[in-house]
Amino acid sequence: MELRLANVSKNFGKVKALEDISLTIPVGMFGLLGPNGAGKTTLMRILTTLLTKSEGHISFGDINWDMTQKVRGLIGYLPQNFSLYKQMRVEEVLNHLAVLKGLQKNRGELIEQVLQQVNLSEHKRKKIGQLSGGMIRRVGIAQAILGNPSIIVIDEPTAGLDPEERIRFRKLLRQLGEHSIVIISTHIVEDIESTCDRAAILNRGKLIAHGQIRELGALAAGKVWTLEVTQERYYEVIDSLQVISSHRVGDGYQIRFLADVPPAEAISVSTTLEDGYLHLMRQSV
Ligand SMILES: Nc1ncnc2c1ncn2[C@@H]1O[C@H](COP(=O)(O)OP(=O)(O)OP(=O)(O)O)[C@@H](O)[C@H]1O
């Protein structure tokens, strides 16, 4: 079953935080990408029923977003700052949140199941305050998937995680996306590139592109180049190019950049989601 958004808008007074968003999101990992103020948080808060939309229609099968209680039963949510309950043990926090979710039967069993899914069984008696950032995010996922929701919404999934934790956490997200709709919102293009099947790019409340990751990357096809330069030339050229990234190669640098007409020695390269995203942002300035 798919999550369908049709012409969804949200106004805060005169601010149009979302304008006419129409999207269909199938089972799998779906990324929301956009700069600050694009409307990602507003959209996630509407999907989790923390905010109401101003206009439009959202549905999942027979359930529509005017049926708030039913929608809440569909959704698991991991907000950005999930680090509450520092003095409580992992299993106590999950039991507490399971009660709040209205899960009455077999709570112990359900908690054991989600702890196994996020690989935290052996830490269940630890206090939240004793866990690493990555483990706290995993407790966050555990509470989000309690009750087996069809739609899981995660804000900035890997913010504040170290590189190893980030890789482990991405693997967990991919596993969740095998059976559920998992929507993540992030500034980190690599999180989406490495975990998502599809993504939507928002800017200033508008949906500017959506589709499969490789389709979004292909939007910059023919416009992405690399150029190798000496250290002396590096500082000269980076100001004149729309640099995507650069790294050291031998004594000089390799620069990856966007251009319609590149310098003579540049080499055309295949495109990534980040290229497509930066190309779209450059166009919508
Ligand atoms: N409660 C509110 N009242 C007024 N304006 C708001 C409110 N919440 C969000 N906005 C405005 O709506 C727009 C979209 O904000 P939103 O937080 O959804 O963007 P975002 O893409 O999540 O950005 P960030 O990545 O910085 O969190 C912004 O212009 C923001 O200032």
Side-chain angles (χ1 to χ4, degrees), residues 1-12 16-34 38-82 84 93-107 110-111 113-114 117-118 137 139-157 173 175-186 196-200 202 205 207 210:
M1 225 181 317
E2 296 168 331
L3 173 63
R4 291 174 185 274
L5 287 83
N7 311 103
V8 173
S9 297
K10 176 70 185 175
N11 306 322
F12 293 108
K16 292 182 172 175
L18 291 174
E19 250 185 288
D20 206 20
I21 307 290
S22 295
L23 266 178
T24 300
I25 305 181
V27 166
M29 290 281 305
F30 189 89
L32 285 176
L33 192 58
K40 306 180 296 293
T41 307
T42 303
L43 183 53
M44 295 198 125
R45 291 172 67 84
I46 289 173
L47 291 176
T48 54
T49 74
L50 294 171
L51 272 179
T52 51
K53 55 192 162 42
S54 306
E55 281 168 55
H57 188 77
I58 306 177
S59 61
F60 180 77
D62 294 340
I63 299 178
N64 75 65
W65 260 238
D66 298 328
M67 308 166 170
T68 309
Q69 284 310 322
K70 287 217 161 131
V71 172
R72 287 186 183 159
L74 286 178
I75 303 264
Y77 179 41
L78 174 54
Q80 200 176 342
N81 297 312
F82 179 84
L84 306 159
V93 171
L94 291 176
N95 189 50
H96 172 68
L97 293 169
V99 171
L100 291 182
K101 280 193 175 193
L103 299 172
Q104 320 244 329
K105 288 188 199 148
N106 311 329
R107 261 203 318 275
L110 292 176
I111 290 169
Q113 258 171 29
V114 294
Q117 266 177 283
V118 302
R137 295 299 281 170
V139 177
I141 288 288
Q143 65 77 33
I145 61 179
L146 266 172
N148 211 8
S150 305
I151 302 169
I152 302 166
V153 177
I154 307 173
D155 206 356
E156 294 288 350
L173 292 176
Q175 285 166 353
L176 295 177
E178 285 170 17
H179 304 289
S180 313
I181 295 176
V182 181
I183 303 173
I184 66 170
S185 153
T186 182
C196 292
D197 312 303
R198 308 175 67 82
L202 297 173
L207 178 65
H210 64 103

task: Identify the two heavy atoms, one from Leu18 and one from Gly39, that lie closest to each other, and give their separation to 0.1 Å.
output: CD2-O, 3.6 Å
statement: Taking every heavy atom of Met67 against every heavy atom of Asp62, the minimum-distance pair comes out as CE-O, 3.7 Å
- prompt: Hey, what do you get for CD1 (Ile111) to CG (Asn95), rounding to the nearest 0.5 Å?
  reply: 4.5 Å
query: Can you tell me how far CD1 of Ile58 sits from CG of Leu5, rounded to the nearest 0.5 angstrom?
result: 4.5 Å
- prompt: So how far is it from Ile21 CD1 to Lys10 NZ, rounded to the nearest 0.5 Å?
  reply: 14.0 Å
field: N/O donor-acceptor pair under 3.5 Å between Gln143 side chain and Tyr77 backbone
entry: yes
message: Checking the side chain of Thr48 only, and the main-chain atoms of Arg45 only, is there a donor and an acceptor separated by less than 3.5 Å?
response: yes
- request: Please lay out, stage by stage, how Ile25 and Ile151 fare under the test side-chain contact (heavy atoms from CB on, under 4.5 Å).
  value: CA-CA 10 Å; Ile25 305 181; Ile151 302 169; over 6 Å; no
field: side-chain contact (heavy atoms from CB on, under 4.5 Å) evaluation trace for Leu176 with Ile145
entry: CA-CA 9 Å; Leu176 295 177; Ile145 61 179; 3.9 Å; yes
- prompt: When you measure from the side chain of Trp65 to the backbone N and O of His57, does any donor-acceptor pair fall under 3.5 Å?
  reply: no
- prompt: Going through the checks in order, is the side-chain contact (heavy atoms from CB on, under 4.5 Å) test met by Thr42 and Phe12?
  reply: CA-CA 10 Å; Thr42 303; Phe12 293 108; 3.9 Å; yes
- request: Output the distance between atom CD1 (Ile75) and atom CD1 (Ile183), rounded to the nearest 0.5 Å.
  value: 7.0 Å
- request: Identify the heavy atoms of Ile63 and Lys70 that sit nearest to each other, and give their distance.
  value: CG2-CB, 4.1 Å
- request: Return yes if some donor-acceptor pair links the side-chain N/O of Lys40 with the main-chain N/O of Gly34 below 3.5 Å, else return no.
  value: yes
message: Counting C-beta onward and ignoring hydrogens, is there a side-chain heavy-atom pair between Val139 and Val118 closer than 4.5 Å?
response: no
query: Distance-only, no hydrogens or angles: does the Thr24 side chain make a donor-acceptor pair with backbone N or O of Arg4 under 3.5 Å?
result: no
query: Once you round to the nearest 0.5 Å, how far does SG of Cys196 lie from CG of Leu173?
result: 8.0 Å
query: Nearest heavy-atom pair of Thr49 and Arg72: which atoms, and what distance?
result: OG1-NE, 2.8 Å
Donor-acceptor pair, side chain of Ser54 and main chain of Asn11, under 3.5 angstrom: yes
- line: Tightest non-hydrogen contact, residues Pro26 and Glu2, listed as CA-CG, 4.1 Å
message: Contact between Thr68 and Thr52 at the side-chain level, heavy atoms closer than 4.5 Å - yes or no?
response: no
query: Would a 4.5 Å heavy-atom cut-off, applied to side chains only, mark Ile141 and Gln117 as touching?
result: no
- prompt: Hey, does Phe30 have a side-chain heavy atom less than 4.5 Å from the side chain of Leu23?
  reply: yes
- request: Answer yes or no: is there a side-chain heavy-atom contact under 4.5 Å between Glu156 and Leu78?
  value: no
- request: Report, as yes or no, whether the 6.0 Å neighbourhood of atom NZ on Lys16 holds more than 12 heavy atoms from other residues, nucleotides or ligands.
  value: no
query: Counting only N and O atoms by type, is there a donor-acceptor contact under 3.5 Å from the side chain of Arg137 to the main-chain atoms of Pro157?
result: yes
task: Find the distance between CG (Leu33) and OG (Ser185) and round it off to the nearest 0.5 Å.
output: 8.5 Å
query: Is the backbone N or O of Gly56 less than 3.5 Å from a side-chain atom of Asn7, with the two atoms forming a donor-acceptor pair by type?
result: no
task: Look only at the side chain of Lys53 and the backbone of Leu47, and say whether a donor-acceptor pair between them is shorter than 3.5 Å.
output: no
- prompt: Which atom pair, heavy atoms only, marks the closest approach of Pro149 to Ala144?
  reply: CG-O, 3.2 Å
